[in-house]
Trainee: 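Take this structure, written in structure tokens, and hold onto it; I'll ask about it next.
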Amino acid sequence: MKKYLSVLLAALMVLAIMAGCGGNGGSSTPAPAPSGDNSTPAPEGTKVWNVANIVNGNLGDKSFFDSCEAGLKKLQDDGLIKYKTFELGATDADQPKWVSTLDELSADGSYDLIVCGTYQMDAYLNECAAKYPDQKYFIYDAEVAQPNVASITFKQNDLGYLVGTAAALMTSSSMEKINSEKVIGFVGGEDGPVINDFLVGFIQGAQAADPEVKIDSQYVGNFYDTGRGKEIANVMVNNKCDVIWGVAGGAGNGAAEAAAEHNVWFIGVDSDQEATFSASQPQMAAATIFSGLKNCGDGVIYMLNKLNDGTIEWGKTTQLGIAEGGVGLTNGGNFQKLPDDIKKALDDVAPKVTSGEIKVDTAFDESFDVKGLRDSVRP
């Protein structure tokens with residue numbers, strides 16, 4: 001899989017430290033306090049930025065927020081930043097804390113840069129950035145068009161196409177854990193544009209690989225309820241699904257637990273979930289065939305480098321796809337259990353997606369009928 005090496009080298013840099021992010025599902029793991037004790041001196045003349053990381057959820061999800069945290073930790077270890085993470089919880093009841101903390105940190109003025117992420121924060125940040133025009137912000141996985149905000153998004157639909165290609169070919173194969181039915185599953189967090197962007201690519205990649213494959217897609221309704229994620233996956237397995245992609249943050253870990261218990265395959269998201277499960281949940285690691293990477297941590301590193309060299313574009317959005325290393329697949333561990341023809345198919349598909357030869361639709365196109373596509377492929 002030589003075509004993925006550029007993506008994976010960047011990802012592995014982040015994942016090497018991510019293995020230390022503990023906790024179950026959506027449980028809270030205290031973030032490291034900002035300290036220079038474990039940081040190497042910054043290169044002479046390089047500014048050491050003081051950064052606040054707002055997590056509208058909790059660390060320990062073993063995917064999205066842990067990925068960003070790992071990127072910030074790498075930057076601190078390299079002596080480029082000092083940072084503090086504020087874990088604010090993920091429920092509706094926690095949302096007032098998201099707003100008040102963002103406002104308080106902005107008003108305080110102690111941080112050179114305030115980092116936050118997800119489409120759940122864009123409206124709050126838009127209002128706050130207008131209120132504090134001298135404060136600089138960075139938002140990942142969402143867009144805010146304010147002159148003091150730099151935004152970064154990812155081509156998760158292209159990532160979905162790769163994952164769908166592999167999942168469809170898996171359920172049509174003679175691999176272990178595969179039954180005779182051609183059914184794959186998608187456990188999403190919330191029924192919104194970002195998660196549906198993953199799903200659109202997933203469905204289109206699967207259908208292109210094998211038009212007979214059916215896709216069962218369900219939503220947890222949030223990104224923290226592991227019990228609900230497991231319940232959905234249990235139903236999918238009972239309906240003959242043998243490959244499940246969890247795209248639901250911490251809630252998706254419930255789907256991994258179900259996959260392990262029922263001896264089917266799980267596909268991780270955002271970080272190398274086989275690696276993050278391996279320390280404390282080896283059965284879930286064994287059930288994870290590979291992960292679709294949405295390299296939030298690498299995105300943070302990318303933008304800090306832009307900030308340091310003076311090329312960051314405030315008020316603009318940077319989009320990262322396969323070619324830029326923003327998204328890709330892990331290819332170590334259980335991935336090597338994939339038959340050679342599936343690996344070759346991924347090698348063939350990836351450059352076609354990147355070049356536009358294969359056009360992957362997006363849920364952000366308001367004219368695209370996501371529901372129609374979703375319903376057309378149900379088992």
Trainee: Apply salt bridge (Lys or Arg N to Asp or Glu O under 4.0 Å) to D103 and list each qualifying residue two or more places apart in sequence or on a separate chain.
Mentor: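 With neighbours one apart ignored, the set is K131.
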Trainee: If we ignore hydrogens and angles and just use 3.5 Å, is the side chain of Q135 paired with the main-chain N or O of D108 as donor and acceptor?
Mentor: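 Answer holds: no.
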Trainee: Report yes or no: do I322 and V163 belong to one cluster of Ile/Leu/Val/Met/Phe/Trp/Tyr joined by side chain heavy-atom distances under 4.5 Å?
Mentor: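 In one cluster: yes.
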Trainee: Of V247, I195, V187, which is the lone residue that meets side chain to side chain contact (heavy atoms under 4.5 Å, CB included) with Y219?
Mentor: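 Exactly one pass, corresponding to I195.
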Trainee: Are any side-chain N or O atoms of N179 and backbone N or O atoms of K240, one a donor and one an acceptor, separated by less than 3.5 Å?
Mentor: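 Here the side-chain-to-backbone pair exists.
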Trainee: Distance-only, no hydrogens or angles: does the S278 side chain make a donor-acceptor pair with backbone N or O of A275 under 3.5 Å?
Mentor: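 Present.
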Trainee: Under a 4.0 Å N-O cut-off, is there an ion pair linking K343 with D347?
Mentor: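 Result for this pair is no, no salt bridge flagged.
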Trainee: Show the nearest heavy-atom pair for residues F290 and A166, with the distance to one decimal.
Mentor: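 Heavy-atom minimum between the residues: CZ-CB, 3.7 Å.
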Trainee: Hydrophobic clusters here meaning ILVMFWY residues chained together by side-chain heavy-atom distances under 4.5 Å, can you tell me if F223 and I244 are in one?
Mentor: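 Per the 4.5 Å side-chain linkage, F223 and I244 are not co-clustered.
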Trainee: Among K344, M170, M175, which residue meets the side chain to side chain contact (heavy atoms under 4.5 Å, CB included) test with P339?
Mentor: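 Going through the options one by one, the only one that passes is M175.
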Trainee: Just do the side chain to side chain contact (heavy atoms under 4.5 Å, CB included) check on L105 and K84 with the steps written out, would you?
Mentor: CA-CA 11 Å; L105 293 175; K84 182 174 182 179; over 6 Å; no
Trainee: Does the side chain to side chain contact (heavy atoms under 4.5 Å, CB included) test come out yes or no for I184 and F202, once each step is laid out?
Mentor: CA-CA 10 Å; I184 59 178; F202 185 64; 3.6 Å; yes
Trainee: Are Y119 and E190 packed together at the side-chain level, in the sense that at least one heavy-atom pair is separated by less than 4.5 angstrom?
Mentor: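 Of all side-chain heavy-atom pairs linking E190 with Y119, at least one is under 4.5 Å.
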Trainee: Counting distance only, does the side-chain N/O of E324 pair as donor-acceptor with the main-chain N or O of G321 below 3.5 Å?
Mentor: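 Yes.
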Trainee: So, T330 versus E274: side-chain donor-acceptor pair below 3.5 Å or not?
Mentor: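 Side-chain D/A pair, T330 to E274: absent.
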Trainee: Keeping to residues at least two apart or across chains, list the side chain to side chain donor-acceptor pair (under 3.5 Å) pairs with something in residues 202-213.
Mentor: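 Residue pairs with at least one partner in residues 202-213: S172-D210, K182-D210, K182-E212, Q204-D361.
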Trainee: Please list, chain by chain and in numerical order, all residues satisfying salt bridge (Lys or Arg N to Asp or Glu O under 4.0 Å) with K352, sequence neighbours excluded.
Mentor: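 Testing K352 for salt bridge (Lys or Arg N to Asp or Glu O under 4.0 Å), a comparison that skips the adjacent residues, returns none.
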Trainee: Give the C-alpha distance, both sets of side-chain angles, the deciding distance and a yes or no for side chain to side chain contact (heavy atoms under 4.5 Å, CB included) between D112 and K136.
Mentor: CA-CA 7 Å; D112 300 307; K136 298 297 187 184; over 6 Å; no
Trainee: Is it the case that over 12 heavy atoms from other parts of the model lie below 6.0 angstrom from the CD atom of Q319?
Mentor: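 For Q319, atom CD is crowded (more than 12 foreign heavy atoms under 6.0 Å).
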Trainee: Apply side chain to side chain contact (heavy atoms under 4.5 Å, CB included) to S151 and V149, showing your working.
Mentor: CA-CA 6 Å; S151 306; V149 180; 4.0 Å; yes
Trainee: Give me the atom names and distance for the closest heavy-atom approach of F364 to P193.
Mentor: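 Heavy atoms of F364 and P193 come nearest at CE2-CB, 3.6 Å.
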Trainee: Under a 3.5 Å distance rule, please check whether W265 uses its side chain to pair with a backbone N or O of A287 as donor and acceptor.
Mentor: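 Not a single qualifying donor-acceptor pair exists.
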Trainee: To the nearest 0.5 Å, what is the distance between NZ on K371 and CG on N196?
Mentor: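 Here the interatomic distance stands at 12.0 Å.
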Trainee: When you compare the side chain of L304 with that of L113, does any pair of heavy atoms fall below 4.5 Å?
Mentor: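 L113 reaches L304 side chain to side chain.
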Trainee: Measure the spacing between OG1 of T318 and CZ of F154 and express it to the nearest 0.5 Å.
Mentor: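 Answer for the OG1-CZ pair, T318 versus F154, is 10.0 Å.
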Trainee: Could you pull out the closest heavy-atom pair between T165 and A209, with the gap in Å?
Mentor: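 For T165 and A209, the tightest heavy-atom pair comes out as O-CB, 3.9 Å.
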Trainee: Does any part of the side chain of I312, heavy atoms only, come nearer than 4.5 Å to the side chain of W314, both counted from C-beta?
Mentor: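 They are in side-chain contact.
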Trainee: Can you check whether V144 reaches D122 side chain to side chain, under 4.5 Å on heavy atoms?
Mentor: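 A side-chain contact exists here, since the closest heavy-atom pair is under 4.5 Å.
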Trainee: Assign the ring pair W245 / F186 to parallel, tilted or perpendicular, where the plane angle (0 to 90°) is split at 30° and 60°.
Mentor: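 Ring orientation of W245 relative to F186: perpendicular.
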Trainee: Looking at every heavy atom in both S67 and C296, which two are closest together, and how far apart are they?
Mentor: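 Smallest heavy-atom distance, with atoms named: OG-N, 3.4 Å.
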Trainee: Should I178 and V264 be counted in the same cluster of Ile, Leu, Val, Met, Phe, Trp and Tyr side chains packed under 4.5 Å apart?
Mentor: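 Hydrophobic grouping puts I178 apart from V264.
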Trainee: Strictly distance-based, threshold 3.5 Å: is any side-chain N or O of N50 a donor or acceptor partner for the main-chain N or O of S110?
Mentor: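 Yes.
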Trainee: Under 3.5 Å, side chain of T171 to main-chain N/O of E181, donor-acceptor pair present?
Mentor: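 Looks like yes, one N/O pair under 3.5 Å.
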Trainee: Working to the nearest 0.5 angstrom, can you tell me the gap between N263 CG and Q283 CD?
Mentor: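 The CD atom of Q283 is 10.5 Å from CG of N263, to the nearest 0.5 Å.
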Trainee: Between N334 (side chain) and A285 (backbone), is there a donor-acceptor pair under 3.5 Å?
Mentor: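 A pair under 3.5 Å: yes.
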Trainee: Have D197 and T362 got a donor and an acceptor in their side chains that come within less than 3.5 Å?
Mentor: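 The criterion, which ignores hydrogens and geometry beyond distance, is satisfied for T362 and D197.
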Trainee: Side chains of S271 and D66: donor-acceptor distance under 3.5 Å anywhere?
Mentor: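 Note: S271 and D66 side chains miss the donor-acceptor criterion.
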Trainee: With distance as the sole test, does E87 use its side chain to make a donor-acceptor pair with the main-chain N or O of G57 at under 3.5 Å?
Mentor: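 No, E87 side chain to G57 backbone: no donor-acceptor pair under 3.5 Å.
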Trainee: For the residue pair V327 and N295, what are the closest heavy atoms and their distance?
Mentor: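 Scanning both residues completely, I find the closest heavy atoms to be N-ND2, 4.3 Å.
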Trainee: Check the side chains of D134 and N148 for a donor-acceptor pair under 3.5 angstrom, ignoring hydrogens and angles.
Mentor: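 Result is no, nothing qualifies.
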Trainee: Mind checking whether R378 and D216 have side chains closer than 4.5 Å, heavy atoms only?
Mentor: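 Side chain of R378 against side chain of D216, heavy atoms only: contact under 4.5 Å found.
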Trainee: Work out which heavy atom in A167 is nearest to a heavy atom in V243; give both atom names and the distance.
Mentor: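 Nearest heavy atoms, A167 then V243: CB-CG1, 3.9 Å.
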Trainee: Taking atom types as modelled, is there a side-chain donor on N126 or Q146 under 3.5 Å from an acceptor on the other?
Mentor: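 The answer is yes; a qualifying pair exists.
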Trainee: Taking atom NZ of K177 as the centre, does the number of heavy atoms from other residues, nucleotides or ligands within less than 6.0 Å exceed 12?
Mentor: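 Yes, because the 6.0 Å sphere around NZ of K177 holds more than 12 heavy atoms from other groups.
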Trainee: Taking side chain as C-beta onward, heavy atoms only, is V235 less than 4.5 Å from I232?
Mentor: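 SC-SC contact between V235 and I232 ruled out.
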Trainee: Is there a continuous path of hydrophobic side-chain contacts, each under 4.5 Å between heavy atoms, that joins L80 to I301?
Mentor: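 Yes, because L80 and I301 connect within a single hydrophobic cluster, where side-chain heavy atoms sit under 4.5 Å apart.
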Trainee: Does a side-chain heavy-atom distance below 4.5 Å link Y224 with D94?
Mentor: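 With C-beta onward as the side chain, the pair stays apart.
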Trainee: Taking a hydrophobic cluster as the set of Ile, Leu, Val, Met, Phe, Trp and Tyr residues connected by side-chain heavy atoms closer than 4.5 Å, whether directly or through intermediates, do L307 and V115 fall within one such cluster?
Mentor: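 L307 clusters together with V115.
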Trainee: Report the distance from atom CG of D141 to atom CD of E143, rounding to the nearest 0.5 Å.
Mentor: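 Here the interatomic distance stands at 10.0 Å.
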Trainee: Tell me if a side-chain donor or acceptor on Q156 pairs with a main-chain N or O of V194 at a distance below 3.5 Å.
Mentor: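 No.
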Trainee: Are any non-hydrogen side-chain atoms of Y137 and L102 less than 4.5 angstrom apart?
Mentor: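 Heavy-atom side-chain distance check passes, below 4.5 Å.
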Trainee: In Å, rounded to the nearest 0.5 Å, how long is the span from CD1 of I139 to CG of L125?
Mentor: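 Answer rounded to 0.5 Å: 5.0 Å.
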Trainee: Return the OG1 to CG distance between T91 and N222, rounded to the nearest 0.5 Å.
Mentor: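 Here the rounded value is 9.0 Å.
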Trainee: Just checking, any donor-acceptor pair under 3.5 angstrom between side chains of T288 and Q273?
Mentor: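 No donor-acceptor contact under 3.5 Å links the two side chains.
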